[in-house]
There are 2 protein chains.
Amino acid sequence: MMREDRLPSFDGVFAPVVYRDGGIDMVDQTALPERTVVLRLTEVAEVAEAIRTMRVRGAPAIGVTAAYGLVLGLERGEDLIRVADTLRGTRPTAVNLAWAIDRMLETFERRKDESAADLRAAMLAEARRIHAEDIAANRAIGRYGADLLPNDASVVTICNTGALATGGYGTAYGVLRAAHEAGKLAMVYPCETRPRLQGARLTAWELLRDRIPFRLIVDGAAGALMAKGKIDAVLAGADRIAANGDSANKIGTYQLAILARHHGIPFYIVAPTSTIDPDTPDGARIEIEQRSEDEVLAPYGCRFAPEGAAAWNPAFDVTPAELITGIVTERGVFRPPYRFEEGRG
Amino acid sequence: MMREDRLPSFDGVFAPVVYRDGGIDMVDQTALPERTVVLRLTEVAEVAEAIRTMRVRGAPAIGVTAAYGLVLGLERGEDLIRVADTLRGTRPTAVNLAWAIDRMLETFERRKDESAADLRAAMLAEARRIHAEDIAANRAIGRYGADLLPNDASVVTICNTGALATGGYGTAYGVLRAAHEAGKLAMVYPCETRPRLQGARLTAWELLRDRIPFRLIVDGAAGALMAKGKIDAVLAGADRIAANGDSANKIGTYQLAILARHHGIPFYIVAPTSTIDPDTPDGARIEIEQRSEDEVLAPYGCRFAPEGAAAWNPAFDVTPAELITGIVTERGVFRPPYRFEEGRG
């Protein structure tokens with residue numbers, strides 16, 4: 001892994017990952033906000049490790065990364081089925097990962113009898129299509145979502161759903177971006193989002209870059225903030241949306257939905273339709289990734305808990321459909337009852 | 001301030017603060033769990049600073065500390081009214097602070113015409129009575145609270161309410177201790193309690209010492225944990241309880257109460273009657289201390305948020321009485337509707 005120091009971009013926007021000259025440029029999100037490090041990945045094993053260790057994270061972003069990972073595997077002459085299996089196993093909850101891999105494998109099947117050069121070109125074109133479609137979806141999502149907000153809106157959000165979490169632009173964050181551009185956003189309250197603090201580290205970094213006014217809160221302050229009566233909406237991303245609308249997202253999302261309901265505040269899940277998994281009937285079937293206890297006990301090398309302490313550390317939770325006011329996608333806003341059985345394609 | 005290294009005790013239990021030989025021995029809770037440092041305080045200004053910077057914290061513990069602080073002021077020949085004002089201003093939300101100071105000033109008024117030696121002895125005796133009564137109250141609270149729990153109980157708690165937060169033994173933590181001694185406690189899930197992480201740093205430290213099984217959770221995981229259906233109760237302390245039962249406690253307590261209600265789990269406030277403030281009619285009149293943004297942005301010197309980020313950092317929130325299943329005190333368990341107008345004395 002080589003390190004460079006300039007931000008990648010794609011289709012005119014900042015992107016956390018791009019494919020260039022036979023390798024992947026990737027912003028190392030574990031180094032942000034202190035340092036902006038761009039990694040250069042040229043091996044599939046490096047890509048898998050980068051996903052696993054969350055140098056790239058966010059369901060749409062790891063989907064795009066996996067697509068480029070398959071291009072890299074082909075470039076290296078590796079067995080694509082094994083490459084796909086390796087990448088698929090890195091994070092179990094995000095469906096965009098499996099979705100992007102399947103789409104790349106379909107292209108491979110369709111084009112594998114062509115010349116090596118044509119096949120490689122077709123695979124890279126497909127990965128870039130996935131990437132471009134994600135950004136286009138996010139822009140559409142931003143417009144649909146911003147329309148849901150009142151003027152002078154104050155919004156609570158969780159984790160990072162910005163350019164860093166996607167192909168670029170952002171999902172829930174894309175709505176904030178669009179609302180800000182439309183002049184109707186008064187204040188964002190990002191939950192810091194323990195254990196990995198993506199709200200504090202990544203969303204705050206993007207909000208500062210975009211000059212959007214915000215005040216960071218600890219995750220325990222969301223209820224008290226809502227009780228003050230000034231919050232107009234809660235916006236969250238998703239890692240997988242089941243056919244019935246149940247949505248897996250960063251740990252803490254479920255309780256934000258309960259708090260929003262208690263205070264009469266609309267709660268929106270914001271995600272491209274690639275996050276919808278019609279093969280998962282409901283949230284009970286979504287595998288929830290358990291991560292290292294050290295993320296809780298000693299985040300980023302800062303040990304808070306005493307030696308010998310144990311922790312329970314699920315990466316995600318599931319918000320049941322009945323707590324979700326609407327699901328904002330690039331095809332518009334879905335309202336309950338949600339029925340995504342027919343596919344997302 | 002001198003530093004020593006052995007744990008203070010009082011009435012046979014570990015105590016975070018004791019008075020000895022004309023000075024105060026105090027466990028520095030900002031150094032835990034990494035280092036166990038016992039400070040030696042011999043000036044009122046040091047006591048005020050220790051409360052303000054949370055070297056001692058927890059409403060009952062700072063009440064006891066303030067009582068000893070007045071003894072120290074008398075010892076130093078200072079004006080007791082000014083000493084009282086100095087100590088009273090250190091933390092606005094905890095009512096035990098004002099309660100202990102008022103009780104010490106009453107003793108002073110009653111005895112001030114006696115000899116200097118008799119007055120000093122009377123004041124120290126009163127401070128030690130406050131201390132001893134707090135421990136006795138906590139033991140009674142522990143018995144009442146443990147009776148509320150089923151066998152094999154799993155409990156969520158927040159912040160630190162243990163020996164460190166009190167004169168000794170603990171309030172909500174005292175209930176855990178009593179339930180553990182009675183063999184009916186299966187598992188404790190302490191919320192880490194951002195921003196200052198008293199759950200991770202202090203409660204985990206006490207649970208390890210007491211060999212009580214626990215798994216630490218991030219504050220955002222409480223809802224997902226409750227959804228699993230294995231939590232029997234939520235126990236929280238209080239910094240001030242209004243006459244109508246509304247209770248101020250560590251930020252995050254209010255939303256735990258909402259989550260408990262949503263999942264049909266009993267939510268108890270656990271505190272001595274010295275925490276009840278009959279002069280505060282309801283929670284809207286409780287002053288909520290705002291603390292430094294850096295507690296959110298860069299806890300204990302670990303900077304997570306980018307430079308330039310802002311934060312909203314209230315130290316406490318107010319849980320309305322209607323979300324509180326019962327208030328466990330040394331006089332028994334109060335049930336709604338709460339009416340504490342008649343005083344707590």
Side-chain angles (χ1 to χ4, degrees), chain A residues 32-34 158 189 191-195 197 199-201 204-205 207-208 213-227 250-259 261-263 288 293 295-297 299-314 316-318, chain B residues 32-34 158 189 191-195 197 199-201 204-205 207-208 213-227 250-259 261-263 288 293 295-297 299-314 316-318:
Chain A
L32 287 174
E34 207 188 346
I158 181 168
Y189 293 95
C191 293
E192 65 172 5
T193 318
R194 283 281 284 143
L197 295 151
R201 297 192 308 103
W205 183 79
L207 288 163
L208 282 171
F214 71 97
R215 286 188 180 277
L216 203 63
I217 59 170
V218 296
D219 304 320
L225 179 63
M226 292 182 197
K250 179 59 53 210
I251 187 76
T253 305
Y254 166 58
Q255 66 186 49
L256 280 183
I258 296 169
L259 298 175
R261 173 64 52 90
H262 181 86
H263 294 93
I288 298 298
E293 297 181 34
E295 292 186 351
V296 177
L297 305 171
Y300 300 97
C302 296
R303 176 159 276 276
F304 295 126
E307 298 287 344
W312 182 63
N313 186 27
F316 304 98
D317 57 27
V318 174
Chain B
L32 287 173
E34 205 187 347
I158 180 168
Y189 293 95
C191 294
E192 65 171 7
T193 318
R194 283 279 286 142
L197 295 150
R201 297 193 305 106
W205 183 79
L207 288 162
L208 283 171
F214 71 96
R215 287 189 179 277
L216 203 63
I217 59 170
V218 297
D219 303 320
L225 179 63
M226 292 183 199
K250 180 60 51 207
I251 188 78
T253 305
Y254 166 58
Q255 67 186 49
L256 280 182
I258 296 168
L259 298 174
R261 173 63 53 91
H262 182 85
H263 294 93
I288 298 297
E293 296 180 35
E295 292 186 352
V296 177
L297 305 171
Y300 300 96
C302 297
R303 175 159 276 279
F304 295 127
E307 298 286 343
W312 182 63
N313 186 27
F316 304 97
D317 58 27
V318 174

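A, B, ... follow the sequence lines: proteins, then strands. Residue 1 opens every chain.
For B:Tyr254, the side chain to side chain donor-acceptor pair (under 3.5 Å) test picks out A:His263, with sequence neighbours left out.
A pairwise comparison of heavy atoms in A:Ile251 and B:Ala224 identifies CD1-CB, 3.7 Å as the closest pair.
With chain B as partner, the option from A:Asp317, A:Leu208, A:Val318, A:Leu207 having the largest number of non-hydrogen pairs under 4.5 angstrom is A:Leu208. Interface remark: of the candidates A:Leu259, A:Ile288, A:Leu297, A:Leu259 forms the most heavy-atom pairs closer than 4.5 Å to chain B. Of the residues considered (A:Gly223, A:Pro306, A:Gly199, A:Pro213), A:Pro306 shows the highest number of contacts with chain B, using heavy-atom pairs under 4.5 Å. The greatest number of non-hydrogen atom pairs below 4.5 Å with chain B, out of A:Pro299, A:Gly252, A:Ala310, A:Pro195, is found for A:Ala310.
A distance of 5.5 Å separates CD in A:Glu293 from CZ in B:Arg215, rounded to the nearest 0.5 Å. To the nearest 0.5 Å, atom CD of residue B:Gln255 and atom NE2 of residue A:His262 are 11.0 Å apart. In this structure, B:Leu216 CG and A:Asn313 CG are separated by 10.0 Å, a value rounded to the nearest 0.5 Å. Between the CD atom in B:Glu192 and the CZ atom in A:Arg194 there is a gap of 4.0 Å [rounded to 0.5 Å].
For B:Phe304, the parts lying under 4.5 angstrom from a heavy atom of chain A are both the backbone and the side chain. With a threshold of 4.5 angstrom between heavy atoms, A:Tyr300 approaches chain B through side-chain atoms but not through N, CA, C or O. The parts of B:Ala222 that come within reach of chain A are both its backbone and its side chain, each placing non-hydrogen atoms under 4.5 angstrom from that chain. Of the two parts of B:Leu197, only the side chain, counted from C-beta on, holds a non-hydrogen atom closer than 4.5 Å to a non-hydrogen atom of chain A. For chain A, the nearby parts of B:Leu225 are the backbone and the side chain; heavy atoms of each come within less than 4.5 Å. Both the backbone and the side chain of B:Ile217 come within contact range of chain A, with heavy atoms under 4.5 Å apart.
Annotation: salt bridge (charged side-chain N to carboxylate O under 4.0 Å, His left out) contacts involving residues 299-314 of chain B, sequence neighbours excluded, comprise B:Asp294-B:Arg303, B:Arg303-B:Glu307.
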